[in-house]
Amino acid sequence: MRGRHRARGVRGSDLQALLAFSRVIDAINSQIGKWLSWALLAAVLISAGNAVVRKLLDTSSNSWLELQWILFAVVFLLCSPWTLLRNEHIRIDIVNNMLPKQVRNSIELMGHLFFLLPFTVVMIITGWPFFIASIRLNEQSSNAGGLAQWPAKFLVPACFFLLFLQGISELIKRIAVMREMIPDPYASVHHPEVTEVEELIQAIKGADEKTVGKP
């Protein structure tokens, strides 16, 4: 019996250490997401500036056009770990909320372990050689006056490396939730669009009940 309690205590202490590691990952990806989200504003300003210059001066620049695409890619890719941290990725919440808590936790665990993490590893392994080849060749845009291509190609392995770390963090937290060591961090997350759909379903059910109740 003592051996069992010791083993459980070691596993619990190990999980506490992993939770501390998870908090570091969350802090890093959260800060990166908050900083880089401003790139979206820069992309909008550059796009608007290009449009104004093109209309007023009848001129344009491929480098500025490509820069706004890269800035959008920065937000789309490098902010995705922050999106995962905030539980804002698209999912079928209506179906998910109908399932028992243990089933939801198991789905989250299996999804991260067998789908998210392997996918990120594949993308890192396949994306890194493209970046290295591009930087060795000093690959440039095929458009006249365009930008170098290697910074954009670097975004792919960088994104999936950060997403891999965030997947590890989410896996750790889900195990801790299942062992009741921490409260579910996403239990209180509110999705307005899901609430609207649920209210619509309830309204339809109420209308059907009234119709059935009529003589």
Side-chain angles (χ1 to χ4, degrees), residues 5-43 70-91 93 96-97 101-132 135 150-191 194:
H5 285 298
R6 285 180 181 176
R8 289 179 181 176
V10 170
R11 288 196 295 269
S13 62
D14 289 344
L15 191 51
Q16 288 291 350
L18 289 173
L19 282 170
F21 177 61
S22 171
R23 288 192 289 271
V24 172
I25 295 174
D26 290 352
I28 292 173
N29 278 330
S30 178
Q31 202 61 50
I32 290 174
K34 290 176 181 177
W35 286 342
L36 295 183
S37 61
W38 288 99
L40 191 59
L41 175 60
I70 292 174
L71 289 173
F72 176 78
V74 165
V75 176
F76 183 82
L77 292 173
L78 297 186
C79 290
S80 60
W82 184 38
T83 307
L84 178 61
L85 169 62
R86 292 176 57 85
N87 197 36
E88 294 292 342
H89 280 290
I90 297 173
R91 66 171 72 205
D93 289 285
N96 189 60
N97 291 336
K101 183 178 179 182
Q102 292 181 346
V103 175
R104 293 200 306 268
N105 286 333
S106 298
I107 291 174
E108 291 283 340
L109 187 68
M110 297 302 175
H112 287 102
L113 187 59
F114 294 109
F115 292 94
L116 175 62
L117 293 179
F119 178 67
T120 57
V121 170
V122 169
M123 293 302 296
I124 293 168
I125 293 173
T126 57
W128 186 255
F130 283 100
F131 161 65
I132 294 299
I135 198 171
W150 64 264
K153 292 189 175 181
F154 172 72
L155 295 176
V156 175
C159 158
F160 285 99
F161 174 72
L162 294 175
L163 200 56
F164 172 80
L165 291 179
Q166 192 59 47
I168 294 292
S169 174
E170 298 304 315
L171 188 63
I172 293 169
K173 287 183 287 188
R174 189 52 48 188
I175 294 173
V177 168
M178 295 175 73
R179 294 187 60 180
E180 299 182 349
M181 295 181 65
I182 62 171
D184 191 340
Y186 306 125
S188 60
V189 174
H190 177 65
H191 296 280
V194 175

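Being a predicted model, the structure only gives us computed values, none of them experimental.
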Using a 3.5 Å cut-off and no angle test, enumerate the donor-acceptor pairs between side-chain atoms of residues 71-84 and protein atoms at least two apart in sequence or in another chain.
from  : atom 1 : to    : atom 2 : distance (Å)
Ser80 : OG     : Leu77 : O      : 2.6
Thr83 : OG1    : Cys79 : O      : 3.0

Only pairs under 3.5 Å count here: list side-chain donor-acceptor contacts from residues 157-176, not counting sequence neighbours, and write none if there are none.
from   : atom 1 : to     : atom 2 : distance (Å)
Gln166 : OE1    : Asn29  : ND2    : 2.8
Gln166 : NE2    : Asp26  : OD1    : 2.9
Gln166 : NE2    : Glu170 : OE2    : 2.7
Ser169 : OG     : Ser22  : O      : 3.4
Ser169 : OG     : Ser22  : OG     : 2.6
Ser169 : OG     : Asp26  : OD1    : 2.7
Glu170 : OE1    : Tyr186 : OH     : 2.5
Glu170 : OE2    : Lys173 : NZ     : 3.0
Glu170 : OE2    : Tyr186 : OH     : 3.0
Lys173 : NZ     : Asp26  : OD2    : 2.9
Arg174 : NH1    : Asn105 : OD1    : 2.7
Arg174 : NH1    : Asp184 : OD2    : 3.3
Arg174 : NH2    : Asp184 : OD1    : 3.4

Side-chain atoms of residues 35-42: list all donor-acceptor pairs with protein atoms under 3.5 Å, sequence neighbours left out, distances to 0.1 Å.
from  : atom 1 : to    : atom 2 : distance (Å)
Ser37 : OG     : Gly33 : O      : 3.4
Ser37 : OG     : Lys34 : O      : 2.8

For residues 116-127, dump all side-chain donor-acceptor pairs below 3.5 Å to protein atoms at least two apart in sequence or in another chain.
from   : atom 1 : to     : atom 2 : distance (Å)
Thr120 : OG1    : Leu116 : O      : 3.4
Thr120 : OG1    : Leu117 : O      : 2.7
Thr126 : OG1    : Val122 : O      : 2.8
Thr126 : OG1    : Met123 : O      : 3.4

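A search for ring-ring contact (aromatic ring centres under 6.0 Å, His included) contacts involving Trp150 returns nothing, not counting sequence neighbours.
Between Ser30 and Arg86 there is no side-chain heavy-atom pair separated by less than 4.5 Å.
One finds the CG atom of Leu155 at 7.5 Å from the CD1 atom of Ile70 (value rounded to the nearest 0.5 Å). Interatomic distance, CE of Met178 versus NZ of Lys101, reported as 10.5 Å (0.5 Å rounding).
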